[in-house]
Engineer: 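Here it is: the structure, laid out below.
Proteins come first, then strands; the chains are lettered A, B, ... in the order of their sequence lines, and each starts at number 1. Heavy atoms only: backbone and side chains are in, while hydrogens, waters and symmetry mates are out.
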Amino acid sequence: MSTPIVEAVDLTQTYHVGGGLFRAKQPLHAVSELSFSIAAGRTLAVVGESGSGKSTLARMVTMIEEPTSGRLTIDGIGAGRENWATLRDRVQIVFQDPYGSLNLRHKVSKILAEPLIINRPNLSAADREAKVREVMALVGLRPEHADRYPHMFSGGQRQRIAVARALVLEPKLLVLDEPVSALDLSIQSQILNLLADLQERLQLAYLFVSHDLSVVRHIADEVLVMYLGRPVEFGPKEQVFAAPRHPYTKALLSATPSADPRKHRNRIKLVGELPSPLDVPQGCAFAPRCWKAQDRCRAARPELEGAAHRASCFYPLEQDETAEGQPA
Amino acid sequence: MTDTAAPVRPSPLAEFWRYFSENRGAVIGFWVVVTLLAIAVLAPLIAPYDPALQMRDKTLLPPGWVSGGDWSHLLGTDPLGRDILSRLIHGARFSFFIGFIVVGIAASGGILIGLIAGFAPRWLDTVIMRIMDIILAFPSLLLALVLVAILGPSLINAMIAIALVLQPHYVRLTRAAVMNELPKDYVTSARVAGAGLIRLMFVTVLPNCLAPLIVQSALAFSNAILDAAALGFLGMGAQPPTPEWGTMLAEAREFILRAWWVVTFPGLAILITVLAINLMGDGLRDALDPRLKRS
């Protein structure tokens with residue numbers, strides 16, 4: 001495999017929240033010791049329910065926030081605060097909500113030109129315009145759309161504008177923060193196909209954050225499952241979907257709706273809520289909701305173990321179990 | 001391209017006018033303000049007499065329709081024999097001049113400080129807002145009086161004082177709007193694109209905060225006129241013989257019982273102007289505040 005575009009080692013983000021005049025602030029571990037790497041032209045999907053640290057991860061990779069500890073390397077350059085300015089044009093982001101991610105007071109042409117004005121100050125106005133037209137064509141927008149305001153577009157078209165804005169700097173890594181979950185199903189597939197097409201043509205690396213497993217199944221190469229800020233399972237898409245090893249992954253997969261009504265599903269219903277990230281249980285964070293948990297799980301935290309397909313569980317699911325496992 | 005295009009919306013201006021014209025009072029206020037503005041601009045052409053011209057043989061002449069009145073002085077004359085209508089017409093110039101300058105100073109200063117407070121770290125934000133709270137805690141006219149007493153009575157100093165008093169409202173509004181906008185994704189994406197602080201403040205965020213500020217400016221405009229008239233009445237604003245409405249009231253105070261018209265017409269002028277601007281401001285708020293929109 002070629003050198004990865006982005007490489008993260010033990011990425012950790014801790015916030016300090018609450019607190020007052022007489023009360024100390026509490027640490028909140030949003031993301032803990034997360035390691036991954038993405039090569040050019042590959043997609044890493046990050047899956048997890050709300051509060052699992054997906055968005056924090058996206059904010060760290062896009063250099064909006066500095067990780068508390070750990071190492072992040074983008075395109076071979078350490079992504080410390082001192083290198084942010086040089087790395088800006090390598091990483092761009094597409095947000096979930098196309099209604100909130102575009103500045104309503106700016107025309108499309110201005111929205112798309114802004115990254116160029118900031119990062120390529122030497123570019124002439126004519127070249128800038130040419131570049132804007134080029135990306136618009138790339139994402140399937142017509143030239144006359146340039147003079148319109150975002151409120152004149154539908155959700156799918158706005159998301160195309162957002163993708164175009166991300167691409168105008170020719171980045172190497174695109175962080176996609178649930179880019180289709182706010183769209184209609186029919187528009188979703190259009191945007192996903194556009195993204196897949198662009199990846200192939202421009203050899204982009206994608207960090208795809210989502211909670212929608214059917215979308216992930218469509219677009220991912222590798223899947224990283226997160227639970228409460230920690231990775232619980234990592235592996236190639238086919239293996240994770242066909243043979244999940246962590247009970248949480250299995251529960252997630254069993255919750256995905258299926259289009260085939262005759263197919264029998266063993267829906268695993270998890271009991272309880274996601275524990276508060278301010279008060280993470282000792283041992284495995286998933287233990288209170290896990291049907292396989294034993295004393296060992298509540299005492300110590302399992303590490304992410306394995307070769308290509310890794311899971312952090314003391315009692316990972318076996319092959320036969322994952323095929324037709326019946327939870328207790 | 002198979003995405004369906006959203007139905008073409010009317011231009012922002014047309015949409016604004018549609019919401020604005022739903023409020024009849026606002027439309028009336030708008031036209032009154034436009035008329036007053038035209039009068040102010042064209043004052044030397046419209047006014048029948050020089051506002052400072054003293055006709056000693058015609059002091060305290062009643063309005064034209066009252067017995068003993070003279071139709072050549074429609075609204076009568078003041079104790080020094082100056083034509084009241086001409087003075088009122090010229091006074092409109094001062095009122096709008098005061099309004100524009102005061103709102104200009106208060107808005108530019110207030111918006112700048114508000115932006116800084118909205119973007120600043122917690123401690124600086126707290127320091128700025130506590131200072132603004134202190135200014136707001138003073139009765140505004142009293143604070144303006146103190147400032148004028150320090151700076152010396154003149155129209156310019158009165159305007160500076162009023163601008164300082166009105167400023168905290170802008171600071172609070174701007175800060176609140178900025179804090180509302182900051183967590184939105186378009187701001188984050190500008191950050192990811194590498195936008196610096198100045199660009200974030202003025203290009204990205206400020207245009208999205210303007211609606212409440214425009215409304216505030218309309219209302220502050222009438223406040224400024226009112227406060228300037230009050231300062232003028234107390235002898236702390238424009239100095240005689242300036243035909244400023246508040247100053248006119250003050251000059252004629254001792255003749256209230258003998259000649260009602262010398263105080264009635266300047267008072268009416270202030271009342272109508274302020275009322276019209278406030279009505280227009282209400283309409284502006286209805287049209288610009290998205291929370292009040294029904295769509």
Engineer: Could you tell me which portion of A/Val94 (side chain, backbone, both or neither) has an atom closer than 4.5 angstrom to a non-hydrogen atom of chain B?
Structural biologist: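 A/Val94 has no heavy atom closer than 4.5 Å to chain B.
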
Engineer: Less than 4.5 Å to any heavy atom of chain B: does that hold for the side chain of A/Leu116, its backbone, both, or neither?
Structural biologist: neither

Engineer: To check you understand the geometry: which heavy-atom pair defines the closest contact between B/Ala161 and B/Leu147, and what is its length?
Structural biologist: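 For B/Ala161 and B/Leu147, the tightest heavy-atom pair comes out as CB-CB, 3.7 Å.
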
Engineer: Verify whether one side chain among B/Ser222 and B/Asn278 offers a donor that lies under 3.5 Å from an acceptor in the other.
Structural biologist: yes

Engineer: Out of A/Gln92, A/Gln96, A/Met63, return the one with the most heavy atom pairs under 4.5 angstrom to chain B.
Structural biologist: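 Result: the option with the highest number of such pairs is A/Gln92.
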
Engineer: Examine whether an atom of A/Asn119 lies under 4.5 Å from a heavy atom of chain B, and if so say whether it belongs to the side chain, the backbone or both; otherwise answer neither.
Structural biologist: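 Contact with chain B is through the side chain of A/Asn119 alone.
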
Engineer: For A/Ile93, is it the side chain, the backbone, both or neither that has a heavy atom under 4.5 Å from a heavy atom of chain B?
Structural biologist: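 Looking at A/Ile93, backbone and side chain both touch chain B.
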
Engineer: What part of B/Val203 lies closer than 4.5 angstrom to a heavy atom of chain A: side chain, backbone, both or neither?
Structural biologist: both

Engineer: Going by atom types only, do B/Asn208 and B/Tyr186 share a side-chain donor-acceptor pair under 3.5 Å?
Structural biologist: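 Distance-only check passes for B/Asn208 and B/Tyr186.
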
Engineer: Parallel, tilted or perpendicular for B/Phe96 and B/Phe221, by the 30°/60° rule?
Structural biologist: tilted

Engineer: If you count heavy-atom pairs under 4.5 Å between each of B/Ala190, B/Ala195, B/Ser189 and chain A, which one has the most?
Structural biologist: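 Looking at each option in turn, the highest pair count goes to B/Ser189.
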
Engineer: Using only heavy-atom distances, determine whether the side chains of A/Gln13 and A/Thr56 contain a donor-acceptor pair under 3.5 Å.
Structural biologist: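 Note: A/Gln13 and A/Thr56 side chains miss the donor-acceptor criterion.
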
Engineer: Below 4.0 angstrom, N of the basic side chain to O of the carboxylate: do A/Glu114 and B/Arg199 qualify?
Structural biologist: yes

Engineer: Sort out for me which of A/Phe95, A/Trp84, A/Tyr99, A/Tyr149 touches chain B most, counting heavy-atom pairs under 4.5 Å.
Structural biologist: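 Most heavy-atom pairs within the cutoff with chain B belong to A/Phe95.
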
